[in-house]
Amino acid sequence: MDRHAKLKFILTLVVVLLTFGALYIFQNTMNSFYVRVLNLAAIYAILALSLNLILGFTGMFSLGHAGFMCIGSYVAAILTMSPASKEIIYFMEPIHPLLANVEWPILPAILLGGLVAAFFGFLIGFPALRLRDDYLAIATLGFAEIIRIIVTNLIPITNGALGLKNIPSVDSMFVYWGFAIITIIVLMRIINSSWGHAFKAIRDNEIAAQAMGVNIFKHKLMSFTIGAFFAGIAGALMAFLITSIDPTMYRFTFTFQILLIVVLGGMGSLTGSVIASIIFAIAMEWLRFVEQPMNLFGLAIPGIPGMRMVIFSITLLLVILFYRQGLLGTREINWEWILNRLGIKNSLKVKRGEAN
Amino acid sequence: MSLDVFLQNVANSITLGSLYALIAIGYTMVYGIIRLINFAHADLLMVAAYIAFYGILVFTLPWYVSFAIAIVLTTLLGVSIERVAYRPLRSAPRISVLISAIGVSFLLENLGIVALGARPKPFPRPDDLVWNIQIGNISFLSLTIIIPVVTIILLVMVTYMVKKTKMGIAMRAVSRDFETSSLMAVDVNKVIGATFAVGSALAAVGGIMWSMQYPQVDPLMGMFPGLKCFIAAVMGGIGSIPGAMIGGFVLGICEVMLVGFMPELSGYRDAFAFVVLILILLFRPGGILGENVVEKV
C-alpha cells in the first residue's frame, strides 16, 4: 500500500468512526421522530445506491426495485415475528406449519432477506437482461408486480392483503446506518474494481464493451443480482422500522420514488445518491406542512393530502428536463477529489501521468 | 361451465379486448414514432374519464357534449405533454425521456389525488347509451355491442389515416427515419404532435368507455389498464396498428377466459398479463406481427 492509499484508508476509518460517534450522540439526544426520519434516510440511501448500481453504473433501466424490497421485507418479517403474534395475525388462514414456530434474531433475518431477494434477482435477471432500455423497464416492472401479486395471494405464508403486523421493532440508528455504510463501502469497492469498470463500459457502449472482451451478460447479471441483494436488505430494514407491512406498499410507485432519488443525486454517483436520500427523507417529513391546514395572511387554507407527491413529481420533471445530471452527475465526493482540492496530488498517478 | 356462462364470458372478453385494443393503438403509435413508452398515456384515460364525469354530474351537460369536451381537452393535454416533457429531450438518452414520461405520469396521478380525492366515485352511465339486452338466458349491457363497434370504427379511421392521408404517410416516414424524413421536408415536430393528438384522442375514448363499462372513476384507474394495453401493443408487435388490435383482443379474451375457466386463479389475474409479456419478450420480441430488428453498430 503506497502512502496515498494509506492516507485514504486512514481518512475513511476516521470518517466511519466519526459517523458512529455522531450516531451515538443523535441516538441519545434527538427525539424518536428525528431518529426515525434519519433511519428512513438510511434505508432510502441503500435503495438508491443499489438502484444506482443497476441504472447509473450499468445502464440497465430496471424498475423492479419495489419487488425485491417486498421479498426482503416479507422474508425478514416472517422469520422474526414471534409465534404468538403469528397465531393472532394469520386469522384468515393459519400460517404454514413450517414457519409457525420460527423466531430468528434480527441480523440473520436481514441477511437472509437480502439473499432471497438476490436469488430472485438472479432468476429474473436470467431472462430479463437479454432485453434493453424500455423493454427491460417494462419487463422488470412486470416481474415486480408479479412478485407483489404472488405475495398478495399466498395467504398461508404472507397473510395476503391484510399484511403483517407486530414485526419486532428496531430503532437503533447503528443498525440502519451500519447497513448503509456497509453498502456504501461495498459498492465503492465494486465500482472501483474490474467489475465496476466492466459495468461502466457496458453503460457507455455495450457493443464496444463486447468487442473489448467484456462478458456483457455475466456482468449485467452480476450488477442486477447485487442490486437486488441490497434492495432486499433495505426491504428487511424497512419492515423493522415501520413494523407493519402490506403488499400495496410495494407498488411500482415506490420504485418511482427511488428513481427520483437516484436522478436527483445523479445517475452514476454513489455519494450523490446518499446525499439525495437524506434530502428526500427530510424534505418528505418537512413538507408535511403543505398537507396540513394552515393560515396564510389570515387566509385559511385547508390541508391538501397528496400535495407532497405532486411537489416531488414536479421536482423529478424539472430535474430531468433542465438539470439532467442531477446533484453530482457522475462525479463522486471521495478522497481523490478532496485531496486534489487540498492540493495533495497522488504521487503514483503523477508519475504515470494520470493525475487530473 | 354451462353454455350461458360461456357466452357471457365471450361477451365480456370481447368488450374488454376492444377496450384494450383501442388504448393499445395510442401506445403503439407513439412508440412507433419516437420509441418511447408513454407512461402518461395511461393517465390520459383517467383525465378523460374525470372530465366526462364532471361534465355530466357537476355541469349537467348532456353526455355527448361532455364526452366531446373530454376528448378535446384530453387531446390537448396529450399534445402539450409531448411539447413540454418529451420534445426538449429529443436528443437526450432514451432513459431520460423514459424518466420524464414516468414523471409526467406520476404528476398526473398525484394531481388527480390532490384535486379530485383518492376515493373512487361512481361514474354516471347515460341512459341513452346503457341498457340491458336479454337474449334467452343471457343478459348483457348494450355496451357489449357499442364498445366493439366504436372500436372498429375508430380502427378503420386510424388505419385509413395512416395508410392514405398525407399526414399518415409522414408519420410512417418519421417512424422509419427521423433525419431523412426531415430532409424530405417533413415537419417532424408537427408529425409527432399529430401522432400524440390521435393517440390521446383514442385514449380519451377508451377512458370514457372504460368508465362506462366499469362504472367507477379514481385517480389511479389508468395505471393497470395502461400497463396491460402496453403489453397488448408489445404482444401484437409494437409500432403496428393491426398488431395492437390483435394483441388487445388476445389479451382481453385470455384474461376473461382464464378467470372464467379457472376461478381459483382470479387473484392472479393482473399477473397474467405480465407473464404473457415476459414470455413474448423472451421468445418473440417482435410480437405477433412485428419484425425482429437486429441492432446495428
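What you see is a predicted model, and the numbers here were worked out from it, not measured in a lab. A note on names: the letters A, B, ... follow the listed sequences, proteins ahead of strands, and every chain is numbered from 1.
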Visitor: Where do B:G103 and A:S313 come nearest, in terms of heavy atoms and distance?
Guide: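 Closest pair (atom of B:G103, atom of A:S313, distance): O-CB, 4.0 Å.
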Visitor: Decide yes or no for A:L141 and B:F39: does some side-chain heavy atom of the first lie under 4.5 Å from some side-chain heavy atom of the second?
Guide: yes
Visitor: Using non-hydrogen atoms only, which part of B:R35 is less than 4.5 Å away from chain A: side chain, backbone, both, or neither?
Guide: backbone
Visitor: Is B:F230 in contact with chain A via its backbone, its side chain, both, or neither, using a 4.5 Å heavy-atom distance?
Guide: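 B:F230 touches chain A through side-chain heavy atoms alone.
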Visitor: Taking all non-hydrogen atoms of both residues into account, name the closest pair between B:S100 and A:L317 and its distance.
Guide: O-CD2, 3.5 Å
Visitor: Give me the atom names and distance for the closest heavy-atom approach of A:M307 to B:V114.
Guide: N-CG2, 3.6 Å
Visitor: Where is the tightest heavy-atom contact between B:L111 and A:V310, given as atom of each residue plus distance?
Guide: N-CG2, 3.7 Å
Visitor: Check each atom of B:V234 against the heavy atoms of chain A and say whether the ones under 4.5 Å are side chain, backbone, both or neither.
Guide: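 Only the side chain of B:V234 comes within 4.5 Å of chain A.
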Visitor: Would you say A:Y135 and B:I37 make side-chain contact, with heavy atoms under 4.5 Å?
Guide: no
Visitor: Non-hydrogen atoms of chain A under 4.5 Å away: do they reach the side chain of B:I278, the backbone, both or neither?
Guide: side chain
Visitor: State, to 0.1 Å, how close B:L98 and A:A137 come at their nearest heavy-atom pair, and which atoms those are.
Guide: CD2-CB, 4.1 Å
Visitor: Go through the atoms of B:Y86 and report whether side chain, backbone, both or neither lie under 4.5 Å from a heavy atom of chain A.
Guide: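 Neither part.
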Visitor: Using non-hydrogen atoms and a 4.5 Å limit, figure out which bit of B:A92 sits close to chain A: side chain, backbone, both or neither.
Guide: both
Visitor: Is B:L108 in contact with chain A via its backbone, its side chain, both, or neither, using a 4.5 Å heavy-atom distance?
Guide: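 B:L108 has no heavy atom closer than 4.5 Å to chain A.
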Visitor: Select one option (side chain, backbone, both, neither) describing which atoms of B:L227 are under 4.5 Å from chain A's heavy atoms.
Guide: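 Contact with chain A is through the side chain of B:L227 alone.
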